[in-house]
Amino acid sequence: AVLLQEKAELADQIAKENVGKSVSPVRDEELNIQQNNISQLTSQRAAMNSTINGAQAAFEQSLSRSQALKAAYELQQSNYDNILALYNTGAVSKQDLDNANLALVNGKSAYDSALLQSTKAQNDINGLYDQRKALDAQIGAADEQLKAMSGGYDEPDQRITALSSEMVALDAELAKINADKYDIQARNGGVVESINYAKGEYVSMGAPVLSLYDPESMLVKIYIHEKDLLRVSLGTEMEFILEANDQIKLSGTVKSIATEAMFTPINVVMSEDRERLVYQVEVELQMTEEVKPGMLVSTDFGKLE
């Protein structure tokens, strides 16, 4: 919560800086840089216009050449048709017909080439027009930015910036309230056994941060066969021996007895199956300095009445 509060306060400071920036013109150096940028874009547009004019002139020349070659090709087609008719009557030789056909093929090839060049020239012009539109958009955006830099943001933008600052300030205040409200508290005192989070990590609401244990009292879990359940009840006093040192004896009191068996077979149908049932029993031990959490203890049910 503290980190979230610090983050919200930083955002609040940034928002306030933006409010001040929205009503303040920028420095002369920045204005000069923006004006030079606009000048460069304008020069590029002028050069683009010159390029477009040259491409347009080349296209018109290519178009005129294509039209002339088309007329020549049509004339050669007519000439070939006439010579073919004379050849069929025997008036001209086969060589005359071949020459007319060659001229027709050459004329068609020249016309197709000129037509392809005209199409390419037109596509180049269209591409140049698109580039000029992009330059126009850049110049327009640069002009608007220069206006904003010269006189600050316009009134709608200033109001939006101010409202955004107010909203961020409210977030910062809310983060502070949450940081004060959601303190980390331990229900009981004890010794720290484990720490679940490192400094700087995000902790979800209600998540345990530390594990504590009471050195004066500790629970031990034991598992009792069903036939031995009759010997224990809530409040029963039991004696335990520390496995690490059998000279250390501990006393404990039964605090809870499970109502359902653990390690239960899938089907309990035979009497010998019931002997496999065990029940969890929790016993509160009276601790000594030698005993630590996790150490093993043992007890003898035969000593219970």
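The model shown is predicted, which means the values in this text are computed figures rather than measured ones.
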Could you give the distance from [atom1] ([X]) to [atom2] ([Y]), rounded to the nearest 0.5 Å?
X	Y	atom1	atom2	result
Leu128	Asn123	CG	CG	11.0 Å
Asp124	Thr119	CG	OG1	11.0 Å
Lys108	Ser113	NZ	OG	11.0 Å
Asp81	Gln76	CG	CD	12.0 Å
Tyr279	Glu260	OH	CD	9.0 Å

If you take all heavy atoms of [X] and [Y], which pair is closest and at what distance?
X	Y	answer
Val92	Ile83	CG2-O, 3.6 Å
Met295	Ala244	CE-CB, 3.9 Å
Leu210	Asn196	N-ND2, 4.1 Å
Ala142	Leu41	CB-CD1, 4.3 Å
Ala100	Asn79	CB-ND2, 4.4 Å
Leu242	Leu296	CD1-O, 3.5 Å

*Salt-bridged, Glu284 to Lys255, with N to O below 4.0 Å?*
yes
Distance-only donor-acceptor check, side chains [X] and [Y], under 3.5 Å:
X	Y	value
Ser62	Gln117	no
Gln40	Asn36	no
Ser109	Asn106	no

*Give the cluster check for Phe59 versus Leu115: same hydrophobic cluster or not, with ILVMFWY residues linked at side-chain heavy-atom distances below 4.5 Å.*
no
*Co-membership, hydrophobic cluster, residues Tyr111 and Leu63, 4.5 Å side-chain*: no
Exercise answer: donor-acceptor pairs, residues 245-252 side-chain atoms, under 3.5 Å, sequence neighbours excluded:
unit_1: Asn245; atom_1: OD1; unit_2: Gln247; atom_2: N; d: 3.0

Does any N or O in the side chain of [X] come within less than 3.5 Å of the main-chain N or O of [Y], such that one atom is a donor and the other an acceptor?
X	Y	answer
Thr89	Leu86	yes
Ser118	Ala114	yes
Thr42	Ile38	yes
Asn99	Gln95	yes
Asn53	Asn49	yes
Thr236	Ser233	yes
Ser78	Glu74	no

[Y] and [X], any side-chain heavy atoms less than 4.5 Å apart:
X	Y	result
Leu219	Val283	no
Asn126	Gln122	yes
Tyr129	Ile52	yes
Asp136	Arg45	yes
Tyr80	Leu97	yes
Val232	Ile224	yes
Ile241	Thr299	no
Leu104	Tyr73	yes

*I would like to know whether Ile222 and Gln280 meet side chain to side chain contact (heavy atoms under 4.5 Å, CB included); could you show each step before the answer?*
CA-CA 6 Å; Ile222 60 176; Gln280 178 177 290; over 6 Å; no
_Applying side chain to side chain contact (heavy atoms under 4.5 Å, CB included) to Ile125 and Gln56, what does each step give before you reach the verdict?_
CA-CA 7 Å; Ile125 291 174; Gln56 186 68 40; 3.5 Å; yes
*asked:* Under the criterion side chain to side chain contact (heavy atoms under 4.5 Å, CB included), I'd like the reasoning laid out for Glu237 against Thr253: C-alpha separation, chi angles, the key distance, then a yes or no.
replied: CA-CA 5 Å; Glu237 298 291 335; Thr253 305; 3.2 Å; yes
*Could you please spell out the steps behind the side chain to side chain contact (heavy atoms under 4.5 Å, CB included) verdict for Phe240 and Val220?*
CA-CA 10 Å; Phe240 292 86; Val220 62; 4.3 Å; yes
